2 protein chains.
Amino acid sequence: MAPYEDKPTLTEFGAFSKLYAKVNGKLAGKVNANSKVRMPLAITIRDIAKKAGVSVTTVSRVLNNKPDVSKKTREKVLQVIADMGYSPNAMARGLIWRKTLTIGLVIPDIGNPFFAEVAKGVEHRARERGYSVIFCTTDSEPQREQEAIELLCSKQVDGIIVSLSVESRSVLERLEKQRFPVVQIDRKVPGSNYSAIAVDNVASAYTATKYLIRQGHSRIAHITGDMNTKTAQDRLLGYKEALSDWGLRLEHQLIVHGDFSKGSGILCMEELLSRTPLPSAVFVGNDLMALGAMEAIGKHGLRVPDDVALVGYDNIDLAASLQLTTIMQPKFEMGQLAATTLITSIEKGEPAVGDIILDTMLIERKSSAATVL
Amino acid sequence: MAPYEDKPTLTEFGAFSKLYAKVNGKLAGKVNANSKVRMPLAITIRDIAKKAGVSVTTVSRVLNNKPDVSKKTREKVLQVIADMGYSPNAMARGLIWRKTLTIGLVIPDIGNPFFAEVAKGVEHRARERGYSVIFCTTDSEPQREQEAIELLCSKQVDGIIVSLSVESRSVLERLEKQRFPVVQIDRKVPGSNYSAIAVDNVASAYTATKYLIRQGHSRIAHITGDMNTKTAQDRLLGYKEALSDWGLRLEHQLIVHGDFSKGSGILCMEELLSRTPLPSAVFVGNDLMALGAMEAIGKHGLRVPDDVALVGYDNIDLAASLQLTTIMQPKFEMGQLAATTLITSIEKGEPAVGDIILDTMLIERKSSAATVL
DNA sequence: TTGAAAGCGCTACCAG
DNA sequence: CTGGTAGCGCTTTCAA
């Protein structure tokens with residue numbers, strides 16, 4: 001009648017764990033199957049102690065590499081642990097240590113290659129430092145962002161890496177008051193003091209737009225990301241500044257609002273294709289939308305870059321294959337850095353200071369080339 | 001001197017939690033800052049009880065929606081909980097319930113859009129059912145697969161969704177012995193009894209190859225995925241069977257082994273491009289490698305499909321944009337189904353039975369079109 | 001060098 | 001309907 005919900009410890013139950021009789025007190029003695037005493041659902045430190053003929057304290061000492069254990073005892077205990085395949089219950093430890101060695105990751109969408117790559121960086125670095133990662137996706141909906149954070153807090157994660165919409169400021173403020181370790185990634189919530197790992201979106205959007213202008217374009221459209229994010233706002237800003245600096249008129253009908261998804265890229269591009277005269281170039285808020293834009297352009301029998309030049313943002317894997325000119329940002333490294341920053345902050349017991357702004361780079365490819373390669 | 005490592009409960013500390021004096025026994029009385037008594041690091045159920053003027057038992061009842069609490073008391077307690085922003089410590093609960101409402105997800109690479117989409121499906125469904133997801137990546141290295149599973153077990157997850165290399169059979173067997181809930185996704189470890197959510201890789205690879213043959217190709221190469229996975233083995237098998245059924249000779253020099261990564265796609269294609277005569281078509285083990293293959297082909301001044309036709313596998317987002325013919329498999333749905341299956345198994349207390357094989361579909365696009373669109 | 005015992009925050013059992 | 005109390009599995013005093 002082994003209960004299915006047993007917690008695993010990667011061992012089969014040995015002869016040792018057939019029936020559990022409480023010994024340290026009232027209930028010692030034989031316990032039959034009908035007893036109300038709950039069976040231990042996995043091997044515990046007590047099982048190890050008994051088998052090794054030592055106290056739980058000693059086992060605990062071995063487990064935690066404390067001194068004050070004779071070499072002989074230590075080896076004996078280690079042996080039993082290996083034999084039984086015991087692994088300590090992280091929850092029980094967490095209760096005492098007030099540490100779970102787990103961090104939270106709150107991102108809009110793991111399906112977006114940008115965030116997938118960021119998540120990869122986070123997970124890799126976290127693993128190196130001995131932490132696990134619980135991830136939550138929010139589609140940048142403030143409601144879900146808050147729920148995710150509350151959930152992670154109740155799960156007692158040691159810290160959280162977040163990428164939030166601008167509306168989640170109050171949530172962050174509450175965490176700040178408790179001095180809870182948080183690091184922002186990709187987008188910083190305005191007014192929040194938590195440090196962020198990001199790029200200069202204004203400057204790089206400016207660069208992208210300037211580049212198109214220099215290519216001879218004067219009717220340049222922009223498909224924005226989710227305007228609820230600082231990222232999208234900043235990229236729009238950079239676009240506007242570039243136009244302004246080069247004396248180009250800002251045409252509101254050339255700015256359409258997407259949400260960073262490929263689908264929205266299609267829709268937005270469709271809309272732009274109905275404008276007359278047609279824009280000759282589009283700075284798209286991210287690569288995923290640029291993908292959609294390409295599809296829309298193709299569907300209308302037009303060609304990139306001949307009819308419409310395109311510049312994206314992110315340099316996700318497919319940008320190279322698609323010959324999409326784009327702004328490269330170091331996604332994996334951002335994830336790694338965020339994890340490093342957060343974990344250091346957790347372990348030092350003090351908040352990270354200052355933002356880390358990483359470099360971006362314009363990568364020129366066919367989608368915007370004046371001359372076809 | 002508020003310690004930074006405080007566990008957050010989304011509340012600022014109220015006047016209530018300035019200093020904590022043990023009351024239920026020995027240590028009652030004033031406790032000064034030098035005391036060895038650890039300060040409570042977050043609001044606990046006892047704080048709520050005290051503030052509401054009831055027992056912890058009653059608060060617990062309210063927390064768990066048990067009956068046997070008068071409406072008035074319940075409301076009072078709820079009010080205090082809301083006021084203090086209390087949220088129960090999931091670890092303490094987990095210790096008792098032997099449930100963490102957390103599941104593990106072990107995948108090779110979150111950076112691969114296929115797995116990112118699967119992960120998305122898992123997370124969405126898990127959230128709907130009240131579970132969180134810890135994810136671990138392994139690059140299909142058996143060592144890391146085992147470590148990931150052991151880690152997740154020690155974190156007491158309620159179950160695990162895995163996508164493993166064929167070598168991890170023994171690890172699964174140990175989990176099986178303990179009747180620990182596991183569901184396999186995408187690839188099934190041969191010999192394991194845990195049910196899997198996957199597609200028929202042999203049949204679909206057969207379909208893809210057959211399709212190329214029907215397009216008139218007779219020199220068809222294959223770039224395999226990581227041959228340590230059942231997925232890659234099966235796709236190779238389907239490829240071979242199709243060749244055989246159509247009386248085409250199997251040329252070993254036309255089979256090169258990649259690892260499902262884009263980089264390996266480039267390398268493998270380079271290798272194929274050195275063959276003479278050139279294969280006129282390549283069935284690539286997944287879209288990511290097909291991406292790489294396309295780049296390699298372009299770099300050599302050749303064109304798709306005129307010089308080399310390409311068929312991929314997965315139908316990731318960019319396949320549409322790249323006009324890549326591919327085998328579609330329902331990634332998001334696979335993730336959802338795996339989560340549903342696992343959680344149902346966890347909650348019913350019995351293993352899921354049988355595999356779920358989902359339908360695939362050949363999606364024809366330009367990369368293999370006989371006539372350019 | 002060892003072990004007994006007191007909890008971490010919570011739920012479950014029992015008695016009122 | 002309510003409250004006291006014994007643990008969940010572990011670490012950490014403190015005493016031997």
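Side chains are part of it too, since the values below use all heavy atoms of this structure and drop only hydrogens, waters and symmetry mates. Please read these numbers as outputs of a predicted model, since none were measured by experiment. In what follows, chains carry the letters A, B, and so on, assigned in the order in which the sequence lines appear, proteins first and then strands, with residues in each chain numbered from 1.
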**Student:** Which pairs count as salt bridge (Lys or Arg N to Asp or Glu O under 4.0 Å) when at least one residue sits in residues 126-138 of chain A, sequence neighbours excluded?
**Tutor:** A/E123-A/R127, A/R125-A/E128, A/R129-A/E347

**Student:** With a 4.5 Å heavy-atom cut-off, do A/C136 and A/L152 have their side chains touching?
**Tutor:** yes

**Student:** So, using side-chain contact (heavy atoms from CB on, under 4.5 Å) as the criterion, who are the partners of A/A52 when residues are at least two apart?
**Tutor:** A/V54, A/K76, A/V77, A/V80

**Student:** Just call it for B/T57: base, sugar-phosphate, or nothing, with non-hydrogen atoms closer than 4.0 Å on any strand.
**Tutor:**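 Here B/T57 touches the bases of the nucleic acid.
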
**Student:** Please state whether the phosphate of C/dT11, meaning OP1 or OP2, lies under 4.0 angstrom from any side-chain nitrogen or oxygen of B/R98.
**Tutor:**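 Indeed not, no polar side-chain atom of B/R98 lies that close.
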
**Student:** For the pair B/I134 and A/V133, evaluate side-chain contact (heavy atoms from CB on, under 4.5 Å) and give the outcome as yes or no after the intermediate values.
**Tutor:** CA-CA 5 Å; B/I134 297 183; A/V133 182; 5.8 Å; no

**Student:** Ignoring the backbone of A/T44, work out which of D/dT13, D/dC10, D/dT2 is nearest its side chain.
**Tutor:** D/dC10

**Student:** Check this one for me: any side-chain N or O of A/R46 less than 4.0 Å away from OP1 or OP2 of D/dC8?
**Tutor:**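 Yes, such a contact exists.
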
**Student:** Check every atom of D/dG9, D/dT11, C/dT2 against the side chain of A/R93 and return the nucleotide holding the closest atom.
**Tutor:**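 In terms of side-chain proximity for A/R93, the closest of D/dG9, D/dT11, C/dT2 is D/dT11.
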
**Student:** Looking at the base of D/dT2, is there any donor atom on it, or on the side chain of B/R61, that sits under 3.5 Å from an acceptor on the other one?
**Tutor:**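 Under the 3.5 Å cut-off, the side chain and the base do form a donor-acceptor pair.
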
**Student:** The criterion is side-chain contact (heavy atoms from CB on, under 4.5 Å); which residues satisfy it with B/N64, sequence neighbours excluded?
**Tutor:** B/S60, B/K66, B/R93, B/W97

**Student:** Find the distance A/N89:CG to D/dG9:P and express it as a whole number of Å.
**Tutor:**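 My rounded result for the distance is 7 Å.
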
**Student:** Mind checking side chain to side chain donor-acceptor pair (under 3.5 Å) for B/S170 and listing every partner two or more places apart, or none if nothing turns up?
**Tutor:**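 In terms of side chain to side chain donor-acceptor pair (under 3.5 Å), with neighbours along the sequence ignored, B/S170 is linked to no residue.
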
**Student:** Are the charged groups of A/R144 and A/D139 less than 4.0 angstrom apart, N to O?
**Tutor:** yes

**Student:** Where along residues 63-73 of chain A does a heavy atom come under 4.0 Å from DNA chain C, residue by residue in number order?
**Tutor:** A/D68, A/V69, A/S70, A/T73

**Student:** Using side-chain contact (heavy atoms from CB on, under 4.5 Å) as the criterion, list what pairs up with B/Q143, not counting sequence neighbours.
**Tutor:** B/E147

**Student:** Could you give the angle between the helix axes at the two ends of the helix from C/dT1-D/dA16 to C/dG16-D/dC1, with five pairs per end, rounded to 10 degrees?
**Tutor:**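 Axis angle across the helix from C/dT1-D/dA16 to C/dG16-D/dC1, nearest 10°: 40°.
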
**Student:** Expressed in angstrom and rounded to an integer, what is the separation of B/M91 atom CE from C/dG7 atom C1'?
**Tutor:** 14 Å

**Student:** On DNA chain D, compare the nucleotides closest to B/T58 and A/V56; which residue's is nearer the 5' end?
**Tutor:** B/T58

**Student:** Just jot down the salt bridge (charged side-chain N to carboxylate O under 4.0 Å, His left out) partners of B/E176, sequence neighbours excluded, or say none.
**Tutor:**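 With neighbours one apart ignored, the set is empty.
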
**Student:** Take the protein atom CG of A/L95 and the nucleotide atom P of D/dT12, then report the distance between them rounded to whole Å.
**Tutor:**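 These atoms are roughly 13 Å apart.
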
**Student:** Could you tell me the separation between the CZ atom of B/R74 and the P atom of D/dG3, rounded to a whole number of Å?
**Tutor:**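 Rounded to whole Å, this separation is 14 Å.
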
**Student:** My understanding is that only residues two or more places apart in sequence, or in another chain, count here; which of them pass salt bridge (charged side-chain N to carboxylate O under 4.0 Å, His left out) with B/K155?
**Tutor:** none

**Student:** Could you check how far NZ of B/K99 sits from C1' of C/dA12, rounded to whole Å?
**Tutor:** 18 Å

**Student:** Go nucleotide by nucleotide along DNA chain D from the 5' end; which of B/A92 and B/S55 gets its closest nucleotide reached first?
**Tutor:** B/S55

**Student:** In whole angstroms, how far is the C1' atom of D/dT2 from the NZ atom of B/K50?
**Tutor:**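 About 19 Å, once rounded to whole Å.
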
**Student:** Give the nucleotide from the list C/dC8, C/dA12, C/dC10 with an atom nearest to the side chain of A/I96.
**Tutor:**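 For the A/I96 side chain, the nearest candidate turns out to be C/dC8.
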
**Student:** Would you kindly give the CD1-to-C1' distance between A/I45 and C/dG7, to the nearest whole Å?
**Tutor:**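 Result: 15 Å.
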
